[in-house]
Amino acid sequence: MTQNPAYEVIWQVIASIPQGKVATYGQVAHLAGLPGAARMVGRCLSQLPRDTKLPWFRVVNASGRISLPVGSDGYLRQVALLQEEDIAVMNGRISLAKFRL
DNA sequence: CGGGTGACTATAA
DNA sequence: TTTATAGCCACCC
């Protein structure tokens, strides 16, 4: 599963995102020491198990939007989880105030 | 080694 | 603001 050491770092970075805040894929990649590897972060998350304890829902794209098909299972789950973190999702967009760490 | 894909991003029109 | 293009990286065939 974790053949790529970068995945563990990515997981750590995501786990370090404070509750109530969100980060972009690019940010996570950068903090993980992988500048420009935003796609790898997305790929990493796509492989996460449904029962993961990782706060994957705190990761959104640079546009401040959820990078999942609108209305999809994961999309709805992410929105719900964010709501519990005090992060409002208005018109499919995350409040800029809570953006970044 | 080459071509296609995806939970990305930045820039241009 | 939205769409198009190009660059990006790991993975699969």
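Basis for what follows: all heavy atoms, side chains included, without hydrogens, waters or symmetry-related copies. Sequence lines set the chain letters: A, B, ... in the order given, protein chains first and strands last, and positions in each chain run from 1.
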Spacing of A:Leu76 atom CG relative to B:dA7 atom P, expressed in whole Å: 16 Å
Interatomic distance, A:Met40 CE vs B:dC8 P [rounded to whole Å]: 14 Å
Rounded distance (Å) that lies between atom P of B:dA10 and atom NE2 of A:His30: 12 Å
Selection from B:dC8, C:dC11, C:dT2 that lies nearest to any side-chain heavy atom of A:Arg65: C:dT2
A:Ala38 side-chain proximity, nearest of B:dC8, C:dC9, C:dA10: B:dC8
Check: B:dC8 base within 3.5 Å donor-acceptor of A:Arg39 side chain: yes
Between B:dA7 (C1') and A:Arg58 (CZ): distance, integer Å: 17 Å
Out of B:dT9, B:dA7, C:dA10, whichever nucleotide has its closest atom nearest the side chain of A:Tyr7: C:dA10
Side-chain (A:Ser95) to main-chain (A:Ala97) donor-acceptor, under 3.5 angstrom: no
For A:Met40 against A:Asn4, the heavy-atom pair lying closest together: SD-ND2, 3.9 Å
Side chain A:Gln78, main chain A:Val59, donor-acceptor under 3.5 Å: yes
Spacing of A:Leu34 atom CG relative to B:dT9 atom C1', expressed in whole Å: 15 Å
Rounded interatomic separation in angstrom, taking OH from A:Tyr25 and P from C:dC9: 19 Å
Sugar-phosphate only, base, or nothing, as touched by A:Thr24 at under 4.0 Å among non-hydrogen atoms: sugar-phosphate
Nearest-Å distance for atom pair CD1/C1', residues A:Ile10 and B:dC8: 12 Å
C:dA6 and B:dA7, which share atom name P, separated by this distance in whole Å: 22 Å
Given B:dT9, C:dA10, C:dC9, the nucleotide with the shortest approach to the side chain of A:Asn4: C:dA10
Atom of A:Ala23, atom of A:Ile17 and distance for their closest heavy-atom approach: CB-CD1, 3.9 Å
Among B:dT9, C:dC9, B:dA7, the one nearest A:Ser46 by side-chain distance: B:dA7
A:Arg93 backbone acceptor or donor facing A:Asn91 side chain under 3.5 Å: no
